[in-house]
Structure formats: structure tokens, C-alpha cells
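Heads up, the thing below is written out as C-alpha cells.
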Amino acid sequence: METRKPLKEETIQHYLNKYPLLSKASDGEEVFWSNPGYTPEHRPETEALTLTDIKEAEERLHRFAPYLSVVFPETRPTNGIIESPLLEIPDFQMAITDIEDLSHPGKWLLKCDSHLPISGSIKARGGIYEVLKHAEELALQNQLITRDENYAKFAEEPFTQFFSQYSIAVGSTGNLGMSIGIMSAKLGFNVTVHMSSDAQEWKKNLLRSKGVEVIEYHADYSLAVEEGRKQAELDERCYFIDDENSTTLFLGYSVAALRLKKQLEEQGIPVDQDHPLFVYLPCGVGGGPGGVGYGLKVLFKENVHCFFAEPVQSPCMLIGMMTGLHEEVSVFDFGLTNDTAADGLAVGRPSGFVGKFMEPYLSGIYTITDGELFRLLRHISDSEKQSLEPSALAGAAGPSRLLKTTEGAGYLNKHHLVEKIEKATHILWATGGSMVPDEVMANYYQMGSRS
């Protein structure tokens with residue numbers, strides 16, 4: 001169900017005629033799009049969001065680390081820092097390169113945001129960060145704490161009592177709602193998650209077990225967000241976390257770049273003119289991959305190449321960026337269903353903020369079928385013993401799409417990367433999976449066996 005007016009038929013036909021690739025995408029075919037707006041020489045320091053802003057976000061997370069250590073024991077090994085491993089995956093790489101007959105595959109790594117503590121997905125970065133920022137602002141405004149004090153105090157009863165006077169609302173397909181619901185409830189906020197029909201039942205049940213109010217809609221993500229926004233407008237003490245437009249979420253996600261840079265250095269993996277870095281990011285509304293991708297461009301500039309990955313029935317960012325219509329266009333306008341097993345990516349209308357912001361920085365977007373997601377899920381389980389949800393496997397198709405498609409080859413040629421590809425590093429960004437119940441994961445695996 002869409003609340004905005006659909007595009008006129010003649011407008012749709014105009015774009016289908018103008019962009020043959022869009023015509024293929026509207027038929028549900030897998031496509032690879034090289035972004036014509038990508039400008040390697042465009043410098044992020046000219047933007048409203050800078051490296052200083054990203055470092056400020058990281059410092060805020062450091063201030064909250066003592067608190068997170070107290071209330072979430074799983075963060076104690078990292079002293080309250082929410083971070084995920086960066087793993088080499090040679091057996092998976094070998095399996096896929098053999099199947100796809102890939103030459104010059106470079107080095108493949110898995111960024112395991114699937115195993116981020118607290119909520120087990122990439123949304124643990126931005127979602128938890130925005131909740132903590134809001135809590136800090138309220139506490140500072142009401143003289144409950146100063147920035148110089150130990151933030152472990154946030155776990156004490158005066159703080160939870162204070163936050164119980166306030167509410168937080170969010171619309172979600174699942175993972176963002178998980179991170180915001182778990183974090184908000186732990187702090188003491190009254191929290192409501194407006195969930196679309198795509199959200200998995202186990203995610204709703206888990207949230208309710210944490211004291212979160214879950215409101216379900218027999219409609220897609222856009223309506224859930226709209227209803228969450230309306231609720232917040234009716235209550236001056238209700239803070240709405242806007243996945244479509246939040247620069248705070250965006251900055252929370254971007255902190256990943258600082259952490260990744262350190263991990264690459266620790267593993268002795270160079271990123272420079274002769275050693276390009278390719279990063280493949282599953283994309284729903286765009287905030288998570290946009291924030292991560294932008295942070296990486298700030299640090300590595302023209303030496304990093306970021307690609308978004310979307311389901312064939314939910315390529316909202318692809319359509320929004322290709323047409324230039326951004327949030328004014330929906331996958332439904334082009335006859336697609338937004339129906340995918342990759343629930344975290346089941347978004348019909350993209351974030352206009354992210355699409356416009358990332359236009360000079362994003363290298364491209366490709367789409368992937370559910371069948372391919374399940375096949376990759378089975379392969380990574382067999383080869384590396386990694387349990388990931390279907391959404392998280394969208395990035396795993398990236399190297400083969402870049403190296404085997406005509407459009408991917410065109411991108412490599414255009415940016416003089418062909419001779420450097422043997423020394424390249426490819427990072428597959430795993431966005432969720434560790435909290436999936438065993439029986440659900442077993443069913444995912446069986447789907448991979450049948451695909």
C-alpha cells in the first residue's frame with residue numbers, strides 16, 4: 001500500500017525508453033548499474049558532514065562504552081565498544097571463484113556486522129548511536145550528567161526513571177526496529193516500533209519480550225515509517241527516529257569506516273592507488289550502506305569503490321538514483337512487487353537524502369534474486385561456518401558482478417582499474433544474522449539447497 005500518488009504512465013514510459021537498464025530491472029532481471037554521477041575527484045570535505053563529525057560520533061560511542069559494558073555483558077570483551085570482526089574467507093572465495101570461473105579475484109573479506117553485539121545487524125551502529133545521542137542530550141539538558149563523568153551512571157535507577165517519561169518511535173522492516181527497540185527499552189524509554197508486513201515474526205516476538213510495543217501493518221515499510229512519524233508528532237515527548245532522513249543515523253553508520261581502517265591496518269592490508277578497495281553493501285532504504293560508504297570515501301577517497309546491492313523486486317535506490325527522482329519514485333511505479341525474503345532490504349521507496357548525498361560517491365548498484373541469496377547463504381555456511389540472514393548475502397555477489405558483467409568491466413576500464421584488480425581487496429558487508437533462531441536459519445539453508 002502506497003500513500004503517495006504513483007507516477008503517470010507517460011512518465012514511466014519516458015524513463016523506460018531513456019534507460020534500457022531500467023526496463024530490464026522493471027522485468028525483475030538482475031542488473032549492474034554503473035553510476036554516471038560518480039566523481040572520484042569529488043572531495044567529501046566540501047560536504048556538510050565531515051571527518052570531524054564522524055570522529056565526534058565515535059567519541060560519543062566511547063563515552064557510552066562504560067554504560068554498554070554494564071547493561072550488555074556481551075560487549076565486555078571489547079570494553080563496551082560495538083564492533084564486528086573482519087574475516088578472511090578463503091574457502092568461500094575459492095568456492096565462488098570456481099563456480100563463477102573468476103580470474104584475478106584478489107582478496108575477499110567478510111565484515112561481520114551480522115555479529116555486532118546487542119542487536120546482531122548493521123543497524124546496531126546507527127540505530128543504537130541515535131538512541132544514545134538522544135539520551136545524552138536529554139541527560140545534559142536536565143543536569144543529570146556532564147560529559148566528563150562516567151556514563152555507567154546511565155544504568156542507575158534515576159536515569160531509567162527519568163527516561164520513562166519520554167518515548168521513542170521508529171518505522172522498520174525489522175533490523176532497525178530491533179536495535180532501537182532493545183537500546184531504548186534498556187535505557188528506560190517507552191518505545192514503539194511500527195513494523196511493515198515484511199518483518200519476520202521472530203523479530204517482533206523478540207522485541208515484545210524486551211518490553212517494546214510493536215505495531216504491525218499489512219503494508220510496506222513506507223507506511224510503517226509514516227505512521228511512526230505521525231505518532232511522534234502527537235506527543236512532544238516522543239522522539240521519532242527517521243530512517244529515511246536522519247543525519248544522526250547516517251553518522252552512526254559512518255563510524256564503521258574509522259574502525260574498518262584500523263582493522264585493515266592491523267591485518268597489513270593496504271588501500272592505496274595500487275591496491276584498490278571494493279566494498280559491497282546490501283541496501284534497503286539506504287541509510288546504513290550510505291553512511292558506511294560515505295565514511296569510507298572520506299577516509300580512502302578515490303581508492304575505495306562502493307556498490308549497493310538490492311533484491312530484484314526491491315531496487316528502490318537503483319530506480320531513484322537512475323531516474324534522479326529519488327524519494328518521488330517507488331518500485332511499484334515500475335511494476336515490481338517489493339516482495340523478497342531479504343526482509344531488511346524490502347523497501348519500495350528510497351531515502352532521498354541518501355540518494356542525493358551519495359550521488360558523487362557511489363560507484364554503482366546491482367540487483368540479485370532471492371534464489372541467488374539463498375544459494376550464497378548455503379555456500380558461506382558450508383565453506384566458512386557463517387550463519388547469515390538472506391539480506392546479508394546481497395553483498396556476496398559483488399565480486400562476480402563486477403568482474404563478469406559487461407557493465408562491471410566497463411567500470412573497471414573507465415577508472416583504470418583493470419591492471420590493479422589482482423591486488424584488490426573485496427569486502428562483503430554482512431548486515432545481519434547472528435540473532436536468527438536456529439530453526440529459521442535451518443529453513444534458510446534448506447532454501448539454499450533447493451535454489
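No option in Ile427, Thr97, Thr425 other than Thr97 meets the side chain to side chain contact (heavy atoms under 4.5 Å, CB included) test with Trp108.
Without hydrogens or angle criteria, Asp53 side chain to Leu251 main chain gives no donor-acceptor distance under 3.5 Å. Between the Asn338 side chain and the Val347 main chain, a donor and an acceptor come within less than 3.5 Å of each other. Side chain of Thr39 to main chain of Gly37: a donor-acceptor pair is present (N/O by atom type, distance under 3.5 Å, no hydrogens or angles). Checking side-chain atoms of Ser184 against main-chain N and O of Gly181 turns up no donor-acceptor pair under 3.5 Å. Distance alone, capped at 3.5 Å, places no donor-acceptor pair between the Thr431 side chain and the Pro282 backbone. Side-chain atoms of Tyr366 come within 3.5 Å of backbone N or O of Ala394 as a donor-acceptor pair.
In this structure, a donor-acceptor pair under 3.5 Å is present between the side chains of Ser246 and Glu130. Using a 3.5 Å distance cut-off with no hydrogens or angles, the side chains of Tyr445 and Asp382 do pair a donor with an acceptor. In summary, the side chains of Gln93 and Lys107 do not present any donor paired with an acceptor at a separation below 3.5 Å, with no hydrogens or angles considered. Looking at Ser363 and Tyr411, their side chains do bring a donor and an acceptor atom within 3.5 Å of each other. With hydrogens and angles left out, the side-chain atoms of Thr340 and Asp370 include a donor and acceptor closer than 3.5 Å. Of the N and O atoms on the side chains of Tyr151 and Glu136, at least one donor lies less than 3.5 Å from an acceptor on the other residue. With 3.5 Å as the limit, one finds no donor-acceptor pair spanning the side chains of Glu302 and His415. Between the side chains of Asn175 and Glu389, at least one donor N or O lies within less than 3.5 Å of an accepting N or O.
Side-chain contact between Leu187 and Val71: absent, with no pair of heavy atoms (C-beta onward) separated by less than 4.5 Å. Side-chain atoms of Val191 and Glu213, non-hydrogen and from C-beta on, never get closer than 4.5 Å to each other. Here the side chains of Leu61 and Val255 are in contact, with some heavy-atom distance below 4.5 Å. Counting heavy atoms from C-beta outward, Arg147 and Arg60 have side chains that approach closer than 4.5 Å. Between Val292 and Leu296, the closest side-chain pair of non-hydrogen atoms falls below 4.5 Å. Side chains of Leu376 and Leu388 form no contact here, defined as non-hydrogen atoms less than 4.5 Å apart. For the pair Trp429/Val279, a side-chain contact is recorded, criterion being any heavy-atom separation below 4.5 Å from C-beta on. Two residues are said to be in side-chain contact when any heavy atoms from C-beta on lie closer than 4.5 Å; Leu110 and Glu384 fail this criterion.
Here Ser330 contributes atom OG and Ile319 contributes atom CD1; the two are 7.5 Å apart, rounded to the nearest 0.5 Å. The distance from the CZ atom of Phe92 to the NZ atom of Lys385 is 13.5 Å, given to the nearest 0.5 Å. Remark: Ile269 CD1 to Leu277 CG distance equals 9.0 Å, nearest 0.5 Å. Note that CZ of Phe308 is 10.5 Å distant from SG of Cys316, once rounded to the nearest 0.5 Å. Interatomic distance, CZ of Phe32 versus OG1 of Thr367, reported as 11.0 Å (0.5 Å rounding). Here the CG atom belonging to Leu402 is positioned 6.5 Å from the NE2 atom belonging to His426, to the nearest 0.5 angstrom.
With Tyr253 as the aromatic partner, Arg125 does not meet the cation-pi criteria of under 6.0 angstrom to the ring centre and within 45 degrees of the ring axis. By the 6.0 Å and 45° rule, Lys153 does not stack over the aromatic ring of Tyr67.
Within a 6.0 Å sphere centred on CD of Glu266, heavy atoms belonging to other residues, nucleotides or ligands number more than 12. Enclosure of atom CD in Glu201 by more than 12 non-hydrogen atoms of other residues, nucleotides or ligands within 6.0 angstrom is indicated. More than 12 non-hydrogen atoms from other residues, nucleotides or ligands lie less than 6.0 angstrom from CG of Asn142. Within a 6.0 Å radius of CD in Glu439, more than 12 heavy atoms belonging to other residues, nucleotides or ligands are found.
Counting all heavy atoms, side chain and backbone alike, Met183 lies closest to Ile128 at SD-CG2, 3.6 Å. Residues Val298 and Ile54 come closest through the heavy atom pair CG2-CD1, 4.2 Å. The nearest pair of heavy atoms linking Gly395 to Ala309 is N-CB, 4.2 Å. Considering every non-hydrogen atom in both Ser69 and Gly80, the closest pair reads OG-N, 3.1 Å. Scanning all heavy atoms of the two residues, the minimum distance from Val70 to Ala152 falls at CG2-CB, 4.2 Å. Shown here for Leu86 and Gln267, the closest heavy-atom pair between the two residues is O-NE2, 2.9 Å.
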### Task
Could you give me the CA-CA distance, side-chain angles and deciding distance for His194 and Gln231, then say whether side-chain hydrogen bond (donor to acceptor under 3.5 Å, both in side chains) is met?
CA-CA 10 Å; His194 299 261; Gln231 175 189 322; 2.8 Å; yes

### Task
Apply salt bridge (Lys or Arg N to Asp or Glu O under 4.0 Å) to the pair Asp113 and Lys123, showing each step before the final yes or no.
CA-CA 9 Å; Asp113 276 7; Lys123 300 297 186 178; over 6 Å; no

### Verdict with supporting geometry, Glu83 and Lys111, salt bridge (Lys or Arg N to Asp or Glu O under 4.0 Å)
CA-CA 10 Å; Glu83 198 39 71; Lys111 181 57 176 161; 2.7 Å; yes

### Message
Under the criterion salt bridge (Lys or Arg N to Asp or Glu O under 4.0 Å), I'd like the reasoning laid out for Glu265 against Lys261: C-alpha separation, chi angles, the key distance, then a yes or no.
### Response
CA-CA 6 Å; Glu265 289 169 352; Lys261 184 174 186 289; 2.8 Å; yes

### Task
Let me see the working for Tyr239 and Tyr166 under ring-ring contact (aromatic ring centres under 6.0 Å, His included), right down to the final yes or no.
CA-CA 8 Å; Tyr239 180 75; Tyr166 295 86; over 10 Å; no

### Task
Dump the intermediate steps for salt bridge (Lys or Arg N to Asp or Glu O under 4.0 Å) on Glu56 and Lys133, then the final yes or no.
CA-CA 11 Å; Glu56 184 180 301; Lys133 183 175 186 288; over 6 Å; no

### Task
Could you walk me through whether Phe162 and Phe159 pass ring-ring contact (aromatic ring centres under 6.0 Å, His included), step by step?
CA-CA 5 Å; Phe162 170 73; Phe159 284 82; 7.8 Å; no

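Salt bridge status for Glu216 with Arg208: present, with a side-chain N to carboxylate O gap under 4.0 Å. By the 4.0 Å N-to-carboxylate-O rule, Arg63 lies too far from Glu58 to be salt-bridged with it. Contact check on Lys356 versus Glu327 returns a salt bridge, with a Lys/Arg side-chain nitrogen under 4.0 Å from an Asp/Glu carboxylate oxygen. Taking the charged nitrogens against the carboxylate oxygens, Lys230 and Glu227 do have a contact shorter than 4.0 Å, which makes a salt bridge. A salt bridge is defined here as a Lys NZ or Arg NE, NH1 or NH2 lying under 4.0 Å from an Asp or Glu carboxylate O, and Arg229 with Glu233 fails to meet this definition.
Residues His134 and Phe189 place their aromatic rings such that the two centres sit under 6.0 Å apart. Ring pair Phe357/Phe250: centre-to-centre distance below 6.0 Å. Ring centers of Tyr361 and Tyr294: under 6.0 Å apart, within the cut-off.
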